[in-house]
Protein chains: 2
Amino acid sequence: MSSTRVLLLGVLLDGPLHGYEVRRRLEMWAADGWANVAYGSIYHGLGKMADEGLLHRVEEGRGGKTLYEITEAGRAEFMVRLMNHWWEIKPIVDPFQVALTFMDRLSPADLVVAMEARSAQLKAAIGMLGRAIEAKRAHGAPRHIDEILRLNAAQLEAQRNWIGDALERVRRGELP
Amino acid sequence: MSSTRVLLLGVLLDGPLHGYEVRRRLEMWAADGWANVAYGSIYHGLGKMADEGLLHRVEEGRGGKTLYEITEAGRAEFMVRLMNHWWEIKPIVDPFQVALTFMDRLSPADLVVAMEARSAQLKAAIGMLGRAIEAKRAHGAPRHIDEILRLNAAQLEAQRNWIGDALERVRRGELP
DNA sequence: AAGTTTTTATTCAAATTTGCGTACCATGTC
DNA sequence: GACATGGTACGCAAATTTGAATAAAAACTT
């Protein structure tokens, strides 16, 4: 939940919001792609952190809308956790690595087909990211959010290069 | 649970094992670094899949050791899910992206320090991966498992390059 | 203005993951 | 043989995540 917490606290830094709006903001910075931020997670996280004193519940009239406001303790917590995220190198979790683990369970022919297909798909995905960056901030997200997309593209590119390389070796029978 | 399932089924492909041994194998291919494979997950997953008919429980005498054997349905499931993993481009989940999201919440000076530190740490991590690959298979994992490490190193390298780039821009005041 | 769709806002059960607690058994050791 | 040590093997409560269900309000249709 560590990442979820940072995201929630971070979104609330500039003023109280209710759960739905929190979700909107996260979607805006495309965080829904790379973090665990389904509705349930958000409401759960907000509730939990309110119980812990990192947030403060502000009832907002009828409907039962609940605004969550970050507390001083919340701000402190945010900073601590944010720094952790900068300093810790955590292994990258990519389901594709699971596929690689069982490389040897596919026939060489199937493997080559799968690798070629993935390479093509990566190319398309990278292109799309590029275009998304061009089509600047249609959504009003801050500038530095593109950087995340750029980093993403670079990592996909790295994966693609690796595939190109490995493909050769598979063709020469050196892999798996 | 999709990835967990593939891993569990995949490990059982060559013969029945009990939970503890499954864990050992996964550790052996360093899968514990990049997948969700705590003990609880394993026993839960094995039990669940046994209930679903993908695995078959084989009691092994005293102690209550339970061996799990993959069924035909299980093999089919494995193949389907494995192929999914090859064909789907899922966004890479890296907690560091959370840190990037809030780039603008650090003072420029702190940001520069954090980026430099991370770059250095990445360098070290990449070096370690390299050496781990050199120190070939101390553990008896199949050859193609190094490839995962190699891919990992490449992606970390990409991250490091990105940081180098962004650092310049931060210094010039173009970011965030 | 009645009816329909969309957007807003939240809740809930079910699935999953974590990490620690608990045994058991073999081995060495004094 | 009493006893510590460490590897083997599993269970469980608590925390987290998901995804779908719900329902009120706003916006649009006719």
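Note on naming: letters A, B, ... go to the chains in the order of the sequence lines (proteins, then strands), and numbering restarts at 1 for each one. Remember, it's a predicted structure, so these values are computed and weren't measured experimentally.
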Within this structure, what is the CG-CD1 distance for the pair A:L7 and A:I42, rounded to the nearest 0.5 Å?
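Here the rounded value is 9.0 Å.
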
Quick check on [N]: is either OP1 or OP2 less than 4.0 Å from any side-chain nitrogen or oxygen of [X]?
X	N	value
B:T4	C:dT17	yes
B:S41	C:dT16	no
B:H44	C:dT17	no
A:Y20	C:dT8	yes

What's the [atom1]-[atom2] distance between [X] and [N], to the nearest Å?
X	N	atom1	atom2	answer
A:K48	C:dT18	NZ	C1'	13 Å
B:L67	D:dA9	CG	C1'	12 Å
A:D51	D:dA14	CG	P	16 Å
B:L46	C:dT16	CG	P	13 Å
A:M49	D:dT16	CE	C1'	13 Å
A:L17	C:dT10	CG	P	11 Å
B:Y39	C:dA23	OH	C1'	14 Å
A:E27	C:dA9	CD	C1'	13 Å

Taking only the side-chain heavy atoms of [X] (C-beta and beyond), determine which of [options] contains the nearest atom.
X	options	value
B:A38	C:dG19, D:dA15, D:dC10	C:dG19
A:K65	D:dC10, C:dT16, C:dA9	C:dA9
B:Y43	D:dC10, C:dT8, C:dT11	D:dC10

For DNA chain D, whose closest nucleotide is more 5', that of B:R24 or that of B:Y68?
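On the 5' side of the pair lies B:R24.
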
If hydrophobic clusters are built from ILVMFWY residues whose side chains come within less than 4.5 Å, do A:I89 and A:V6 share one?
yes

Single-linkage hydrophobic cluster B:M128~B:L149, side-chain heavy atoms < 4.5 angstrom:
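Different clusters: B:M128 never reaches B:L149 through Ile, Leu, Val, Met, Phe, Trp or Tyr contacts under 4.5 Å.
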
Would you mind checking if B:D14 and B:R25 are paired as a salt bridge, meaning a charged N to carboxylate O distance below 4.0 Å?
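Looking at B:R25 and B:D14, the cut-off is not met.
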
Stacked cation flag A:R57 on A:Y68, 6.0 angstrom / 45 deg:
no

Across the strands shown, which category fits A:G19 at heavy-atom distances under 4.0 angstrom: base, sugar-phosphate, nothing?
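Contact class for A:G19: sugar-phosphate only.
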
Sugar-phosphate, base or nothing in reach of B:V37, heavy atoms under 4.0 Å:
sugar-phosphate

